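To start, the structure under review is shown below, and the notes come after it.
The figures here come from the full heavy-atom set of this structure, side chains too, leaving out hydrogens, waters and symmetry mates. Since the model is a prediction, treat every value here as computed from it, not as a measurement.
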Amino acid sequence: MQIINISKTKLNSLEPLILPKDVTSTECELFKYNYYGKEKLLKKLYRTNGIIFANKLYTIEALNSNKDNIPSNFIVPEVLVSINKQIEAFTMKYIKGTNLSIILNEPTITYEEKINYLKSIGNILEQMKNIRKYTELKDFYIGDIHEDNFLVDTEKQEIFVADLDSCKIADNKSFPGRYLTTASLLRYNEIKYSLLDEPDRIADYKVTEETDIYCYIIMILNYLYDGRVDRLSIEEFYRFINYLDDIEVNKELIENFEKIVVGAPNVNPVNYLDTLSSKQIAKARKLYQK
């Protein structure tokens, strides 16, 4: 993988990418970077040593090695960047998009458009399932699936997968995830979701197809609930599921939601999202709960 070197003076001259106020980054700084006339994004990591950094570099190299099997709407690291001879950053394609979290909370955007973006993520997961099935890339999962890790080009109505340097690929170590913690609903099913206990682990749970679908369903439920469903107790979760049944949400969709806390394998609910009506979505919001 190509490595370029820049000075700290050059780094300090770059224009920072200003994130929306409700979007946070805890592991890096982002800068706009002109690379041979092309606008790129430079991601400078805060942590540049130890197991986490080593796993990050391995992940970036694996993404680069397998880029021919990875869809074009996945924002893959392109070039490693050393700053004064020490690798601390990498570049990637710059997407002039809006975080999905902003889209989902924007009242001027129709519910149909929001559901279509959520469906796009479900289709991405199906695409990854086919990649694992039909290519040599057998160990490939997004991992840290949440609303801020997807960017939307609203003009083209296209969605992009960001922060892939924390994905699960090529037998790397699982990275932490926003919804993959011991404080999340995963804690109620220790069989389906595997807690990691090796001494050099860097995450609570092993990333698998089950965790990817779990996080995707949490995103959908967060939108319907207008809050953090992953933080609910099991009793509160079932109360919300029962409420969805009361307002006549499609039963197959509800069954797929409920599967995240029971023993049966998780099922991608993408094919049922079109059954949600504007009235049901409005009623499902926390303010409309009984």
>> Which label fits F140 and F74: parallel for a plane angle under 30°, tilted from 30 to 60°, or perpendicular past 60°?
In response: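 Answer is tilted, since the angle falls between 30° and 60°.
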Taking the side chain as every heavy atom from C-beta outward, state whether [X] and [Y] have any atom pair closer than 4.5 Å.
| X | Y | answer |
| --- | --- | --- |
| L80 | L57 | yes |
| I70 | L137 | yes |
| L100 | M219 | yes |
| E158 | N73 | yes |
| Y179 | R228 | yes |
| L41 | T91 | no |

Could you tell me whether [X] and [Y] have a side-chain N and a carboxylate O separated by less than 4.0 Å?
| X | Y | result |
| --- | --- | --- |
| D274 | K119 | yes |
| E78 | K40 | yes |
| R132 | E209 | yes |
| E27 | K56 | yes |
| R178 | D148 | yes |

> Using the benzene-type ring in the case of Trp, are the ring centres of F160 and F150 under 6.0 Å apart?
Replying inline: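 So the answer is no for these two rings.
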> What about Y214 and Y193, are their ring centers closer than 6.0 Å?
Replying inline: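 Yes, they do, as the ring centres are separated by less than 6.0 Å.
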> Ignoring hydrogens and geometry, is there a side-chain-to-backbone donor-acceptor pair from D153 to E155 under 3.5 Å?
Replying inline: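 Between the backbone of E155 and the side chain of D153 there is a qualifying donor-acceptor contact (under 3.5 Å).
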>> Check whether N66 reaches the backbone of N69 with its side chain - one donor and one acceptor, N or O, closer than 3.5 Å.
In response: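 No: the side chain of N66 does not pair with the backbone of N69.
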Is it true that [Y] and [X] share a donor-acceptor pair across their side chains at a distance under 3.5 Å?
| X | Y | answer |
| --- | --- | --- |
| S82 | N5 | yes |
| E147 | N222 | yes |
| N268 | E126 | yes |

Minimal non-hydrogen separation, [X] against [Y], with atom names:
| X | Y | result |
| --- | --- | --- |
| K93 | I75 | O-CG2, 3.6 Å |
| I281 | Y223 | CG2-OH, 3.6 Å |
| G143 | L180 | O-CD1, 3.6 Å |
| I83 | S7 | CG2-C, 4.2 Å |
| A284 | L244 | CB-CD2, 3.9 Å |
| D139 | N172 | OD2-N, 4.3 Å |

> So which of N64, V79, V81 actually passes side chain to side chain contact (heavy atoms under 4.5 Å, CB included) with Q2?
Replying inline: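 Between Q2 and the candidates, side chain to side chain contact (heavy atoms under 4.5 Å, CB included) is satisfied uniquely by V79.
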> Per the side chain to side chain contact (heavy atoms under 4.5 Å, CB included) rule, which among E29, K44, K43 passes with E88?
Replying inline: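 Among E29, K44, K43, the one meeting side chain to side chain contact (heavy atoms under 4.5 Å, CB included) with E88 is K44.
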>> Counting only heavy atoms not in E248 (residues, nucleotides, ligands), do more than 12 fall under 6.0 Å from its CD?
In response: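 Counting other residues, nucleotides and ligands, CD of E248 stays at 12 neighbours or fewer.
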> Is the number of heavy atoms from other residues, nucleotides or ligands within 6.0 Å of CZ (R231) greater than 12?
Replying inline: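 At most 12 heavy atoms, drawn from other residues, nucleotides or ligands, come within 6.0 Å of this atom.
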